[in-house]
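Here is the structure we will look at.
A note on names: the letters A, B, ... follow the listed sequences, proteins ahead of strands, and every chain is numbered from 1. Every heavy atom of this structure was used, including side-chain atoms; hydrogens, water molecules and symmetry mates were not.
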Amino acid sequence: MRRRRILLIGLAAAAVLHPIAASAEPTDVSVKAAFLPRFVRYVTWPTAAMPHGSDPFVLCVIGSDPFGQLLDQAAGSQSIDGRHIIVRRMNSTAAAGDCQVAFVASNRLDELSDFGGRPVLTVTDGAAAGPRGIIQFAVVGGRVRFFIDQALAERRHLNISSRLLALALGVRQ
Amino acid sequence: MPAFQWRAAAAATAFCACLGSPAIAGENAPQGPDDLTNLSIEQLAQIQVRSASKREEPLSSAPTALFVITSDDIESSGVTSLPEALRLAPNLSVQQVDASQYSISARGFNGLQAGNKVLALIDGRSIYTPLGSTVFWNLHWPLLEDLQQIEVISGPGGTLYGPNAVNGVINITTKDAQDTLGAVVRGTAGGDEQTAAARYGFQIGKSGAMRVYADWHNVDELPSLGSNVFDDSFRGWQAGFRSDFVSEAGKLTVQGDVFHDTSAAEKGDGAHGQNLLARWTRALGPNSSFQLQTYYDYFKRRFSLVDDSLETFDAEGQLNATVGRHELVAGAGARTTRDEFINELNAFNLVPPRRRLWVFNGFVQDRYRLSPEVSLIAGLKLERSTFSGWQALPNLRLAWQPDNRTMLWAAVSRAVRSPSRIDRQLQALPFLAPAPEFTSEKLVAVEAGYRGQPSSTTSVSVNGFVNFYDDLRSTEFVDGHFQLMNGEEGRTYGIEAWGNAQLARGWRASLGVSTLWKDLHNKPGHLDLAVRNSLGNDPTWQVTARTDVNLTSRFHLTLNARAVGPIDQAPKIGSYVEAGGELAFDATKRLQLFVAGRNLLHKTHVESNDPSGAQLAERTIYAGARARF
């Protein structure tokens, strides 16, 4: 028994010496992070809601951020007509005045309606029950997909390209 | 008096006899997050993803003592049964009673009989039985690879969970069928047990999926403890399916299981059963959703000349709505059970032997945001059962989240355990008379806690509680016979703390502690003769530790250890330390080989002092293989 105990401790010690991570498939979170800045290319905002001059697009994460660095990396790799995309994190919609895209985390879903008719592309995660944004992520068949609420997009004067609509699992007209 | 004691002990022992039987997912090549930036949006939509382990925001913002066992935790620990998986929760006390039976509890009152204050659910289907409000863990063999997570709440479940959530809730959920496409085949073999399991998941149309599974187990007997000599070996299988259909408007889940188990104790001993559940969730508008769930469940157990069966129908609806700063949840449910209990072993019987029972409940809860950081939760549940009038179960919780990494909370709640069939209708004349006056056991719990992420690689949770109990069950001598009464009261209090740290890339460690002090006593004018049988056999402390390491890119090691304090209730049990774990080797992308074991430090140890048939827990080692394709 004592020998077994020593053996176990030995294994644990050996473990410390080789802490190497095994890589696997990406998580749904990393794919969602990759999607978010890419939506910008397939949506047209009314002129008044576009960034001024050559200012970057603003992608906001409202509430507790599930993405962390993944989103900053994904946003950093995109540019649309010379414009970059920057990520801003905030606790509530109160500070979301100049966001083009707003990912609303599940702990702030109750603030979704604050956007009213403002031209903001709201995105939510289907893992949480409750209110939904214009784009709602869903993991179907082990792949990250989404639903699109085009009626809501139209009310907000956002034009969503047919390429993005074609990828949606469903489109609410 | 000695005669009384002997008869009380005999009653307690026979009473026990009624309850206890003596008796790598994706097809695509791995793609690191770094590669994702170069893909087109169409390619992105085709990437196979690993479903996230569910330590998600809704949980971190729930102001309650909550521990989540993830599917990764279960798989890497190498366990082969649900009760062994539950040992991963530091806020649960898990006691193996014999080869198939476990008693599991939070915050005390553990034991095959006393463990009647926990609600356990599998995918929304309640699995505690109205016979004695306990859970027969040996009747549940879900495929462990398909479990999504196990939420373990210590403390009252508040208003949102179903009846019996007094000391804790064990909420087991399986993965969405969309997340279990493809096949898994697993087998384990060792001297003491063998298991085999297979699952196949496939898509139905564009947005539906289904899986079917079967698993089989064959478990050897445990060494006998004292005079409890019997063959507790058993074998059985469980099979089932789950299908999920997503549409823009909502989601439909249909699932079911069937199982069959044979125990070696007596010829004809064993259990079988089946269940079917449907759940429909629909978004009613941008800020509200509705869920409807209904299920049917049947099982029959036979052990040493006792037959026990139960048929359950349940229907419940729930409405979630967000209005301004209010997050509202309201719901209602009805459950009816039809049972039969026939005991040809001894004089203990239920009168009547067959009975239909009803439970109705309605609840409403509001989470009101006082400010961005502070939320107040007020909830009220009304519950009525065949053995009780309408009872109110209110709870009030305050959560303060100064930032995304910190939550401090406090709560006061009332919970009740409605009388079970045994509480009211067990009789063995002339010894024990039925107790038509037995009322609900009552709890007022005061709790407070901290949950947070002090740094990006650590998480910590600390909870304290004081539970005030009234009308706990006693066995008393009244008018020439024994009778169950509500003759005990008192307090329990304790602290639970656990933490998790990513010590390096590929190396994770966690530590958990829970303590329990009990101050329970006879109410004035009452005298419990059943050697405090209903008050639980609880260790005063428990420490759990775990480490997960990727030794190389292909070797993974997980070790779990637990130290359990002494049980002072007679027959006393000393403290013990035990450990288990798994060493796994990814032979190929699709095939994993592993050796695993539990109770490795001692050949045998005493874990339960249940008088009806506790056996010695035993060192168990097995090897296994798991393939996914």
Test: Asp110(A) and Arg369(B) ion pair at under 4.0 Å: yes
Engaged part of Arg41(A) at the chain B interface, taking heavy atoms whose separation is under 4.5 Å: neither
For Arg163(A) against Ser40(B), the heavy-atom pair lying closest together: NH2-CB, 4.4 Å
Which residues share a side chain to side chain contact (heavy atoms under 4.5 Å, CB included) with Ser77(A), sequence neighbours left out: Thr37(B)
Which portion of Glu42(B) sits near chain A, non-hydrogen atoms under 4.5 angstrom: both
Leu164(A) versus chain B, the contacting section by heavy-atom distance below 4.5 Å: side chain
Under 4.5 Å from a heavy atom of chain B, the part of Tyr42(A) involved: side chain
Any Leu44(B) side-chain heavy atom under 4.5 Å of Val144(A) side chain: no
Which residues share a side chain to side chain contact (heavy atoms under 4.5 Å, CB included) with His84(A), sequence neighbours left out: Pro56(A), Ser79(A)
